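This report concerns only the one structure given below.
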Amino acid sequence: MTDTIAPETQRAILLDMRRLWLNTRFQTETELKIQDRLTQALSRDTAEAQRALLERLREVEVAVALLDAELTSLA
């Protein structure tokens with residue numbers, strides 16, 4: 001048995017997922033600013049935390065690109 005999802009439903013799901021990833025990007029960029037401030041204000045070494053956040057940003061870019069391609073294929 002094969003369940004099919006209507007294209008308009010697929011589009012809505014993909015758009016919701018894209019919005020979530022964009023929220024993740026905003027949060028991650030904000031966290032990077034906080035890490036910068038912690039470094040300046042408290043002389044904290046935040047290099048490891050910043051590396052993890054930059055890796056998350058790379059993941060976000062890959063995810064958004066994939067979702068954009070999926071949305072384009074539905075058009």
Side-chain angles (χ1 to χ4, degrees):
M1 179 176 151
T2 303
D3 292 330
T4 58
I5 299 173
E8 58 273 5
T9 303
Q10 290 178 27
R11 176 172 288 290
I13 291 168
L14 292 170
L15 286 170
D16 284 343
M17 291 178 70
R18 188 178 190 281
R19 195 171 9 263
L20 289 172
W21 280 102
L22 293 176
N23 288 344
T24 299
R25 178 172 39 195
F26 176 77
Q27 283 181 300
T28 304
E29 289 171 345
T30 302
E31 288 180 53
L32 276 168
K33 291 175 187 176
I34 291 168
Q35 293 301 321
D36 281 340
R37 183 63 56 94
L38 289 172
T39 298
Q40 295 169 8
L42 304 175
S43 299
R44 241 184 227 176
D45 180 10
T46 60
E48 187 174 329
Q50 288 180 340
R51 276 192 295 277
L53 292 169
L54 290 171
E55 181 61 27
R56 189 185 318 163
L57 281 176
R58 285 190 284 275
E59 292 169 356
V60 167
E61 295 309 316
V62 169
V64 169
L66 176 110
L67 292 166
D68 285 345
E70 291 291 321
L71 285 163
T72 299
S73 73
L74 286 176

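These figures come from a predicted structure and were not determined experimentally.
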- request: Kindly indicate, with the supporting measurements, whether the criterion side-chain contact (heavy atoms from CB on, under 4.5 Å) is fulfilled by Arg56 and Arg25.
  value: CA-CA 8 Å; Arg56 189 185 318 163; Arg25 178 172 39 195; over 6 Å; no

query: Should side-chain heavy atoms under 4.5 Å link Ile, Leu, Val, Met, Phe, Trp and Tyr, which residues sit in the same cluster as Leu53?
result: Leu32, Leu54, Leu57

task: Could you work out the complete set of other residues in the hydrophobic cluster of Ile34, with links drawn between I, L, V, M, F, W and Y side chains under 4.5 Å apart?
output: Leu38, Leu42

Mind listing the side-chain donor-acceptor pairs of residues 6-16 below 3.5 Å, one per line with the distance, residues two or more places apart or on another chain?
residue, atom, partner, partner atom, Å
Gln10, NE2, Ile5, O, 2.7
Arg11, NH2, Leu71, O, 3.3
Asp16, OD1, Arg19, NH2, 2.5

Qualifying salt bridge (Lys or Arg N to Asp or Glu O under 4.0 Å) pairs, either residue in residues 35-55, two or more places apart: Glu55-Arg58

query: Which distance, rounded to the nearest 0.5 Å, do you find between the OG1 of Thr28 and the CD of Glu59?
result: 9.0 Å

Any residue meeting salt bridge (Lys or Arg N to Asp or Glu O under 4.0 Å) with Glu29, in chain and number order, not counting sequence neighbours: none

message: Testing the basics here: between Leu67 and Trp21, what is the closest heavy-atom pair and its distance to 0.1 Å?
response: CD1-CD1, 3.6 Å

message: Grouping I, L, V, M, F, W and Y whenever their side-chain heavy atoms are under 4.5 Å apart, do Leu20 and Leu74 come out in a common cluster?
response: no

task: Mind running side-chain contact (heavy atoms from CB on, under 4.5 Å) on Phe26 and Leu22 for me, showing each step along the way?
output: CA-CA 6 Å; Phe26 176 77; Leu22 293 176; over 6 Å; no

Worked verdict on Leu66 versus Val62 for side-chain contact (heavy atoms from CB on, under 4.5 Å): CA-CA 6 Å; Leu66 176 110; Val62 169; 5.6 Å; no

field: Sequence neighbours excluded, every pair satisfying side chain to side chain donor-acceptor pair (under 3.5 Å) that has a member inside residues 64-75
entry: Arg18-Asp68

